[in-house]
Amino acid sequence: MPDAPIIKTEGLGRDFGRTRALDSVDLTLEAGAPIGLVGPNGAGKTTFFSVLCGFLRPTRGSVEVLGRPPLHRDVHGRVAILPQDAAFVRGVPVQSQLAMLAELQGFSAKAARAEAARVLQLVLLADAAKKAPEMLSHGMLKRIAIAQTFLGAPEVVLLDEPTAGLDPTTASEMKNLIRSLDKERTFVISSHNLQDIEELCGSVVILDRGKIVEHRKVAELVGRTSILTFRLEADPPEAIVAKLTSVAMVTRVELGRPGERRLAVHFREEGEGGGNKTQIAVLQALTAAGINMIEMTRGQSLQDKVIEMTRPTS
């Protein structure tokens, strides 16, 4: 892993006409566990990836990848990207297309064919090597697009929606593949499937309207040790706030928006078993109030947290 940050931006901005897609992005990412990049549609995630790879030039500010500008020759072959809508040439066997990409990285023709076969094996598609793209399903093409990011030995792999369009079994296989390779390279993963991000990533960057609103470890962000989150059969009455706030160690109670049927209870965890005692007291208070729950989780889901942090204020 490199000593320098894998990605560093200062005052990074990118405009499309009068639209500001990225706005004063200051970010430093270090090598290590996978990093999530999340936010609502239009937040600037794909634009950010495009700038990192040199597909787009910044309007202002600076960007470095592995200590160099994105298109610097020293970065060649060390950064790979899975675009959200990666496309392949019709009529050309997928292994031949992957081999061509390997040759562009500097592999000899023979080594490129072997490398293409290797990455197809990684995504469990060795049998599809001689097939043209139009003969394959959307999910198979997505797996081949993922395979091309593993050509060579990239140190940084940018994955834009890696499990979109995959059935649950294949998506699970791809997540396991990422886990098996994340000690050798750093993944930066953009996805609307926040459960995937929560499962795979050690930290997360939240973008909203071109700005970074948070960059923290996932465990810290969702507050696994100091929040109880309830999914209820019906929206809770406002009166429950006062009842739960009176419980020892409870510091704050949040009601979801109408229709969300959600309740979050924040608490201090003091002393051995303090969290469990608070949990029991909260459950007793809910039962006494006649509130029925469907599910309780320790902590807040990443999805709930991102919605909370990117929700319009007006």
Q. Does any non-hydrogen side-chain atom of V157 lie less than 4.5 Å from one of V79?
A. no

Q) side chain to side chain contact (heavy atoms under 4.5 Å, CB included) between L27 and V205: does it pass, once the steps are laid out? A) CA-CA 9 Å; L27 182 65; V205 177; 4.1 Å; yes

**Q.** Heavy-atom closest contact (P236 atom, I291 atom, distance)
**A.** CB-CD1, 4.5 Å

Q) Taking atom CZ of R60 and atom OG of S24, what is their separation to the nearest 0.5 Å? A) 6.5 Å

Q) For the side chain of D23 and the backbone of K211, is there at least one donor-acceptor N/O pair under 3.5 Å apart? A) no

**Q.** More than 12 heavy atoms from other groups under 6.0 Å of CD on E260
**A.** yes

Q) Looking at CD of Q97 and CD1 of I144, how far apart are the two atoms once the value is rounded to the nearest 0.5 Å? A) 9.0 Å

**Q.** N/O donor-acceptor pair under 3.5 Å between T170 side chain and L166 backbone
**A.** no

Q: Can you see which heavy atom on I240 is nearest to which on A289, and at what distance?
A: CD1-CB, 3.7 Å

**Q.** A264 versus R262, closest heavy-atom pair with distance
**A.** CB-NH2, 4.2 Å

Q.
Side chains of E254 and H266: any donor to acceptor distance under 3.5 Å?
A. yes

(Q) Quick one: does any side-chain atom of K45 pair with a main-chain N or O of P40 as donor and acceptor, under 3.5 Å? (A) yes

Q | Test side chain to side chain contact (heavy atoms under 4.5 Å, CB included) applied to V204 and V38, step by step | A | CA-CA 7 Å; V204 64; V38 305; 3.7 Å; yes

Q: Calculate, to the nearest 0.5 Å, the distance between atoms NZ and CZ belonging to K8 and R68 respectively.
A: 13.5 Å

Q: Check whether more than 12 heavy atoms from other residues, nucleotides or ligands sit under 6.0 Å from atom CD of E238, and answer yes or no.
A: no

Q. Would a 4.5 Å heavy-atom cut-off, applied to side chains only, mark Q284 and I280 as touching?
A. yes

(Q) Same cluster or not: L71 versus V156, using hydrophobic residues (I, L, V, M, F, W, Y) connected whenever any side-chain heavy atoms lie under 4.5 Å apart? (A) no

Q | Any side-chain heavy-atom pair of I35 and T186 under 4.5 Å | A | yes

(Q) Testing the basics here: between P133 and G91, what is the closest heavy-atom pair and its distance to 0.1 Å? (A) CD-N, 4.2 Å

(Q) Does D127, at its CG atom, have more than 12 non-hydrogen atoms belonging to other residues, nucleotides or ligands within less than 6.0 Å? (A) no

Q) If two hydrophobic side chains count as joined below 4.5 Å and joins carry through other members, does L125 share a cluster with V89? A) no

Q.
Is it true that T46 and D160 share a donor-acceptor pair across their side chains at a distance under 3.5 Å?
A. yes

Q.
Regarding T163 and D196, do their side chains bring together a donor and an acceptor under 3.5 Å, going by distance alone?
A. yes

Q) Is a side-chain donor-acceptor pair under 3.5 Å present for E161 with H192? A) yes

(Q) Quick check for you: to the nearest 0.5 Å, what is the distance between L37 atom CG and I189 atom CD1? (A) 10.5 Å

Q.
Tell me if a side-chain donor or acceptor on Q148 pairs with a main-chain N or O of I81 at a distance below 3.5 Å.
A. yes

Q) Does some side-chain heavy atom of R78 sit less than 4.5 Å from a side-chain heavy atom of E155? A) yes

**Q.** Donor-acceptor contact present, side-chain T9 to main-chain L12, <3.5 Å
**A.** no

(Q) Test your reading of the model: is there a side-chain donor-acceptor pair from K142 to the backbone of A164, 3.5 Å cut-off? (A) yes

Q | For the student: nearest non-hydrogen atoms of T149 and A80, plus distance | A | O-CB, 3.3 Å

Q. Got V265 and T251 here, is their nearest side-chain heavy-atom distance under 4.5 Å?
A. no

Q. With side chains defined as the heavy atoms from C-beta onward, is the minimum distance between L82 and F150 less than 4.5 Å?
A. no

Q. Quick one: does S172's side chain have a donor or acceptor within less than 3.5 Å of a partner on P168's backbone?
A. no

Q. Counting heavy atoms not belonging to R57, are there more than 12 under 6.0 Å from its CZ?
A. no

Q. How many angstroms lie between CZ in R14 and CG in L22, if you round to the nearest 0.5 Å?
A. 9.0 Å

(Q) Quick check for you: to the nearest 0.5 Å, what is the distance between Q303 atom CD and N193 atom CG? (A) 8.5 Å

Q: Let me see the working for L244 and L286 under side chain to side chain contact (heavy atoms under 4.5 Å, CB included), right down to the final yes or no.
A: CA-CA 8 Å; L244 292 176; L286 291 176; 4.2 Å; yes

Q: Could you tell me whether the side chain of V188 reaches within less than 4.5 Å of the side chain of P34, counting heavy atoms only?
A: no

(Q) For the residue pair R90 and F88, would you count it as a cation-pi contact if the rule is NZ or CZ under 6.0 angstrom from the ring centre and within 45 degrees of the ring axis? (A) no

Q. Which is it for L159 and F49 under the side chain to side chain contact (heavy atoms under 4.5 Å, CB included) test, yes or no, and what are the steps along the way?
A. CA-CA 9 Å; L159 299 177; F49 270 7; 5.8 Å; no

Q. Taking the side chain from D235 and the backbone from R261, do they hold a donor-acceptor pair closer than 3.5 Å?
A. yes

Q: Report, as yes or no, whether the 6.0 Å neighbourhood of atom NZ on K175 holds more than 12 heavy atoms from other residues, nucleotides or ligands.
A: yes

Q: Treat each ILVMFWY residue as a node, draw an edge where side-chain heavy atoms are under 4.5 Å apart, and state whether L124 and I178 are in one component.
A: no

Q) Taking E115 for the side chain and G152 for the main chain, is one N or O donor matched with an acceptor at less than 3.5 Å? A) yes

(Q) Would a single hydrophobic cluster contain both I307 and L302, if residues Ile, Leu, Val, Met, Phe, Trp and Tyr are joined by side-chain heavy-atom contacts under 4.5 Å? (A) no

Q. Should F55 and V75 be counted in the same cluster of Ile, Leu, Val, Met, Phe, Trp and Tyr side chains packed under 4.5 Å apart?
A. yes

Q: Give a yes or no on whether the backbone of A43 and the side-chain of D208 come within a donor-acceptor separation of less than 3.5 Å.
A: no

Q. Taking the side chain as C-beta and beyond, is there a heavy-atom pair between V282 and F267 under 4.5 Å?
A. no

Q: Write down the atom of I294, the atom of L232, and the distance for their closest heavy-atom approach.
A: CD1-O, 3.5 Å

